[in-house]
2 protein chains.
Amino acid sequence: MGVSTPSRRERLRAETAAEIKTVALGLMAEGGPDAITLRAIAREMGMTAGAIYGYYETRDTLVSALITDVYTSLVDTVEAARDAVPADDAAGRILAWGQTLREWALANPEGFRLIYGDPVPGYQAPEGGAAAEAAHRACAGLTGLVAAAWPQAVARQPGGYDWTDFDPILTGLVRAEFPGLPPAAVALALRVWGRMHGLVALEVYGHLRGQTKDAGRLYLDELRDLTRSLGLEGRPAAPA
Amino acid sequence: MGVSTPSRRERLRAETAAEIKTVALGLMAEGGPDAITLRAIAREMGMTAGAIYGYYETRDTLVSALITDVYTSLVDTVEAARDAVPADDAAGRILAWGQTLREWALANPEGFRLIYGDPVPGYQAPEGGAAAEAAHRACAGLTGLVAAAWPQAVARQPGGYDWTDFDPILTGLVRAEFPGLPPAAVALALRVWGRMHGLVALEVYGHLRGQTKDAGRLYLDELRDLTRSLGLEGRPAAPA
DNA sequence: TGTTCTAACTTAACGCCGTGTAGTAAATGT
DNA sequence: ACATTTACTACACGGCGTTAAGTTAGAACA
């Protein structure tokens with residue numbers, strides 16, 4: 001049924017739905033997430049606000065769609081940066097991921113706020129929502145980075161813990177991609193996530209402005225300390 | 001001029017100004033920061049929205065005052081937790097600070113969002129604002145924690161850097177409180193801040209919900225790794 | 001081709017919101 | 001007792017999300 005040949009109507013409809021998101025992103029770029037207004041979008045498109053309800057159930061629905069798009073774009077960016085570094089350079093890959101995350105956040109502060117800040121007043125990420133998929137990709141990517149350093153890292157981790165009570169969704173997904181990797185590695189990946197997120201969030205939200213003028217070096221120091229704590233000393237491991 | 005004996009008018013005025021903030025905090029507790037509405041506050045107080053303009057220039061001014069109050073309360077809380085641990089137990093003090101930060105954030109998620117999230121659409125923390133003072137207190141507190149571990153920590157810091165380009169305000173303030181402590185120690189304190197902030201922010205904003213069920217242990221692992229990276233092994237240093 | 005149907009859109013309204021302006025009543029200072 | 005300042009109300013403006021009813025242009029079918 002129209003899967004192969006979308007009718008003219010379906011095509012126009014999809015184009016309009018996409019234009020709404022594009023215009024919304026433009027409004028967000030100047031004026032922040034609060035500038036995403038159905039009336040402003042409609043104004044920009046030569047429509048009336050009510051018309052948008054034919055494409056998105058509510059404003060929150062639209063914003064959720066934007067979150068998914070932006071989150072996906074972020075994950076695409078950091079994954080690309082990671083893949084530009086040789087796979088045997090575990091430290092380099094972590095640095096690339098981390099620095100690209102910060103650069104993306106500084107270049108798209110509104111997008112970063114949209115993803116990690118208050119998305120919508122009473123917003124709750126839908127359980128199986130599409131945005132959760134981007135989060136899982138990010139987490140899986142970090143797990144991959146940690147996995148590459150796991151042998152060195154595990155020696156520095158005191159106490160084995162059991163770490164068996166992870167969310168089944170993630171555990172299943174990551175186990176499928178990294179068979180044999182213990183849950184503790186995922187825990188470590190989440191901690192790495194938190195470590196990268198912390199300074200970037202503080203910087204994006206302006207909390208470092210009054211404290212330092214070189215947040216970039218601060219962050220680089222932190223990433224270097226991170227790779228060191230994973231047992232990755234500076235250069236990639238030369239083949240034995 | 002009434003400094004010693006506030007007139008009846010001044011007292012009533014101060015009480016009303018305080019009640020506005022109290023009611024606003026109550027509204028925020030249920031319904032989030034977006035529930036802070038001049039009309040709702042006035043409704044709750046049996047007034048009209050316009051009356052509030054006699055106490056706060058604008059809604060953003062009120063919210064800024066709330067941020068200051070909440071931030072101050074947070075810093076008071078973590079400082080008290082720190083001071084409940086003997087001064088010679090550097091690792092214990094850091095753990096106390098970090099865990100209390102998380103507990104406060106989970107108990108007052110809306111307050112955490114208010115401080116560290118998007119406070120107000122076009123909000124920019126005023127350069128010398130009162131909220132900046134709370135931030136400086138937090139930073140100074142962390143610097144104190146780092147200072148106690150500095151001898152052990154400095155050995156693990158590769159490369160001395162110079163770190164002389166700090167914001168003069170903070171450098172002056174911290175230097176006054178910790179004379180002789182190099183700027184690099186403040187840099188390390190900021191990194192510690194970022195490390196604590198990262199996981200707490202991710203958890204408060206719900207980004208860990210789909211990934212793990214035991215964010216608390218994750219965070220504790222991170223704090224333990226943090227103290228270890230500062231050269232503080234588990235127990236306080238016994239007197240030589 | 002002519003008719004019917006339907007999806008896309010407009011218009012108008014409701015109740016919120018922040019924010020000004022003008023007016024009122026009471027407390028205050030002299 | 002009177003003048004002034006203060007605290008507040010009443011009202012209006014424009015903008016917001018959202019909904020219900022009405023309109024129109026294009027697709028579908030005879």
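Throughout, a chain's letter reflects where its sequence line sits, starting with A, and its residues are numbered from 1. Keep in mind the model is a prediction, meaning the values are calculated, not measured.
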Taking the six-membered ring for Trp and the single ring otherwise, decide whether the centroids of A:Y116 and B:Y116 are under 6.0 Å apart. no

Phosphate OP1/OP2 of C:dG20: any B:R59 side-chain N/O under 4.0 Å: no

Under 4.0 Å from any heavy atom of chain B: name the first and the last nucleotide of DNA chain D that qualifies, 5' to 3'. D:dT5 to D:dA12

Are A:H197 and A:F112 an aromatic pair, judged by ring center distance below 6.0 Å? yes

Assess whether a salt bridge exists between B:E79 and B:R137, defined as any Lys/Arg side-chain N lying under 4.0 Å from an Asp/Glu carboxylate O. yes

Of A:A40 and A:E57, the one whose closest nucleotide on DNA chain D sits nearer the 5' end is A:A40

Provide, to the nearest angstrom, the distance between the CE atom belonging to B:M47 and the C1' atom belonging to C:dA25. 16 Å

Can you tell me how far CG of A:D69 sits from OG of A:S73, rounded to the nearest 0.5 angstrom? 8.5 Å

Flag the pair B:R102 and B:E203 as a salt bridge only when some basic side-chain nitrogen lies within less than 4.0 angstrom of an acidic carboxylate oxygen. yes

Which part of the nucleic acid, if any, lies within reach of B:T58 when heavy atoms closer than 4.0 Å are counted: base, sugar-phosphate only, or nothing? sugar-phosphate

Considering just the side-chain nitrogens and oxygens of A:Y55, establish if one lies under 4.0 Å of OP1 or OP2 belonging to C:dC9. yes

Looking at C:dA8, I'd like to know if its phosphate oxygens (OP1 or OP2) sit under 4.0 Å from a side-chain N or O belonging to A:R13. yes

Report which part of the nucleic acid B:T48 touches: base, sugar-phosphate, or nothing (heavy-atom distance under 4.0 Å, all strands). base

Contact between A:V78 and A:R82 at the side-chain level, heavy atoms closer than 4.5 Å - yes or no? no

Under 4.0 Å, heavy atoms only, any strand: does B:Y56 hit a base, just the sugar-phosphate, or nothing? nothing

Starting from P on C:dC16, measure out to CG on B:L38 and report it in whole angstrom. 15 Å

